[in-house]
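The structure under discussion appears below in the form of structure tokens.
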Amino acid sequence: MTNREIYDFFIGAGFTPEGACAMMGNFMAESSMIPNNAQNDMTKLTDAQYTAAIDNGLLDFVDDIGYGYAQWTLASRKRKFLSFAKASGTSVGDPMTQLRFCLKELNEDFPSIAKALTASHDLFQLTQLVCNVYENPAVKNVGTRYEYAQDFYNELAKGNTVVVPPAFQKPDVTVAGFQGLMVGNGYWPYDVDGVKSPTFFSKLREFVDDMEKC
């Protein structure tokens, strides 16, 4: 599938342009947008060989390596994915099957994320949310994922410009700059249900108070 087709799928599912690009930015970081990608350096088989082996029941897909757009790895999630593909009568490497499963998984198992992706227009926070909660990789490389999401946004969302948050600009001694640095270091102003984080805003108030005393 082309980038446009993937973007249109998510838009058709009700995602905001930023929500669609946040998902795609994470997919790019996980699998380089290759639907049959078997976790790099974890198998001697090619992606095509690995996929064929799974489709033919020759390998244990559930308790094996990461796979697909989202690099599904957790056994409980891969079990559901495999069952979904079998019920659909398609290969686990089929891109539309993976997108449909992703949407099903978001709606059923990650409803707060699904809600955010269909309502929010904050590209950075959506990218971070998908990374930290839906993907939950060992290394939370949000910056890289956000750069990919920006690229997709600029390519697909009618050429609208994206405002780069302070976390990725040269730091300065302003409230916005401090807030951006906090986000870049893992402090997010809202939780997955959209509730303000007491810790974040408490630290932000402390910073503002200190600045006013200067």
Side-chain angles (χ1 to χ4, degrees), residues 1-11 13 15 17-51 53-54 59 61-82 84-85 90-110 112-114 116-117 123-156 168 184 186 188 192:
M1 296 183 72
T2 65
N3 292 343
R4 170 61 66 180
E5 289 171 329
I6 297 172
Y7 175 81
D8 287 346
F9 173 87
F10 285 126
I11 294 298
F15 286 26
E18 294 81 4
C21 294
M23 286 300 304
M24 295 175 69
N26 274 276
F27 282 176
M28 177 61 79
E30 291 288 339
S31 63
S32 298
M33 298 293 283
I34 300 171
N36 68 345
N37 179 252
Q39 189 173 353
N40 295 339
D41 301 322
M42 295 297 289
T43 176
K44 294 181 180 180
L45 300 176
T46 66
D47 290 342
Q49 290 171 337
Y50 183 88
T51 300
I54 296 302
L59 287 176
F61 181 66
V62 172
D63 291 313
D64 201 27
I65 60 180
Y67 183 83
Y69 278 140
Q71 287 294 281
W72 287 280
T73 306
L74 193 65
S76 59
R77 296 175 69 177
K78 291 184 74 180
R79 185 175 294 108
K80 291 180 180 179
F81 173 34
L82 183 61
F84 183 84
T90 56
S91 167
V92 292
D94 178 66
M96 182 55 73
T97 298
Q98 292 191 21
L99 294 180
R100 289 173 55 226
F101 176 73
C102 174
L103 189 60
K104 173 181 171 66
E105 192 175 45
L106 284 167
N107 288 328
E108 295 181 358
D109 301 328
F110 301 90
S112 295
I113 301 179
L117 291 168
L123 183 60
F124 174 72
Q125 289 190 353
L126 289 171
T127 302
Q128 184 182 50
L129 180 61
V130 173
C131 173
N132 290 346
V133 183
Y134 181 76
E135 293 289 358
N136 193 25
V139 178
K140 304 294 193 297
N141 55 339
V142 176
T144 297
R145 294 162 189 259
Y146 176 64
E147 289 176 2
Y148 288 141
Q150 279 186 300
D151 289 340
F152 285 125
Y153 190 93
N154 292 332
E155 173 192 352
L156 302 166
F168 295 95
W188 195 33
V192 295

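Within the 4.5 Å cutoff, the side chain of Tyr7 has no heavy atoms near those of the Met23 side chain. With a 4.5 Å cut-off on side-chain heavy atoms, Asp151 and Met28 do not count as touching. Within the 4.5 Å cutoff, no side-chain heavy atoms of Tyr67 are placed close to those of Ile54. Taking the side chain as every heavy atom from C-beta outward, Leu59 and Leu45 approach each other to under 4.5 Å. Between Leu103 and Phe9, the closest side-chain pair of non-hydrogen atoms falls below 4.5 Å. Using a 4.5 Å heavy-atom threshold, the side chains of Leu117 and Leu129 count as separate.
Atoms SG and CZ, from Cys21 and Phe10 in turn, are 10.5 Å apart once rounded to the nearest 0.5 Å. Expressed to the nearest 0.5 Å, how far OG1 of Thr73 lies from CG of Asn136 amounts to 10.5 Å. Note: Asn141 CG to Glu147 CD = 10.0 Å, rounded to the nearest 0.5 Å. We find the CD-CZ distance between Gln71 and Phe27 to be 10.5 Å, quoted to the nearest 0.5 Å.
Taking the charged nitrogens against the carboxylate oxygens, Asp109 and Arg77 have no contact shorter than 4.0 Å, which rules out a salt bridge.
Between Ser31 and Gly68, the shortest heavy-atom contact is CB-O, 3.2 Å. Across Thr127 and Ala149, no two heavy atoms sit closer than the pair OG1-CB, 3.6 Å. Ile113 and Tyr134 make their closest contact through CD1-N, 3.8 Å (heavy atoms, listed as atom of the first residue, atom of the second, distance). Of all the heavy atoms in Trp72 and Glu105, the pair that sits closest is NE1-OE1, 3.0 Å. Thr51 and Ser91 make their closest contact through CG2-OG, 3.4 Å (heavy atoms, listed as atom of the first residue, atom of the second, distance). In terms of heavy atoms, Phe84 sits closest to Thr97 at CE2-O, 3.5 Å.
With sequence neighbours excluded, the residues forming a side-chain contact (heavy atoms from CB on, under 4.5 Å) with Asn3 are Met24, Met33, Phe152, Glu155, Leu156, listed by chain and number. Partners of Thr46 by side-chain contact (heavy atoms from CB on, under 4.5 Å), not counting sequence neighbours, listed by chain and number: Ala48, Gln49. Residues that satisfy the side chain to side chain donor-acceptor pair (under 3.5 Å) test with Gln98, not counting sequence neighbours, are absent from this structure. Listed by chain and number, the residues in a side-chain contact (heavy atoms from CB on, under 4.5 Å) with Met42 are Gln39, Ile65 (sequence neighbours excluded). Scanning for side-chain contact (heavy atoms from CB on, under 4.5 Å) contacts around Asp47 gives Ile34, Asn36, Asn37, Ala38, with sequence neighbours left out.
Geometrically, Lys80 does not engage Phe101 in a cation-pi contact defined by less than 6.0 Å to the ring centre and at most 45° from the axis.
Within the structure, salt bridge (charged side-chain N to carboxylate O under 4.0 Å, His left out) contacts touching residues 92-104 (residues at least two apart or in different chains) are Lys104-Glu108.
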Item to complete: Show your reasoning for whether side chain to side chain donor-acceptor pair (under 3.5 Å) applies to Gln128 and Tyr146.
Response: CA-CA 8 Å; Gln128 184 182 50; Tyr146 176 64; over 6 Å; no

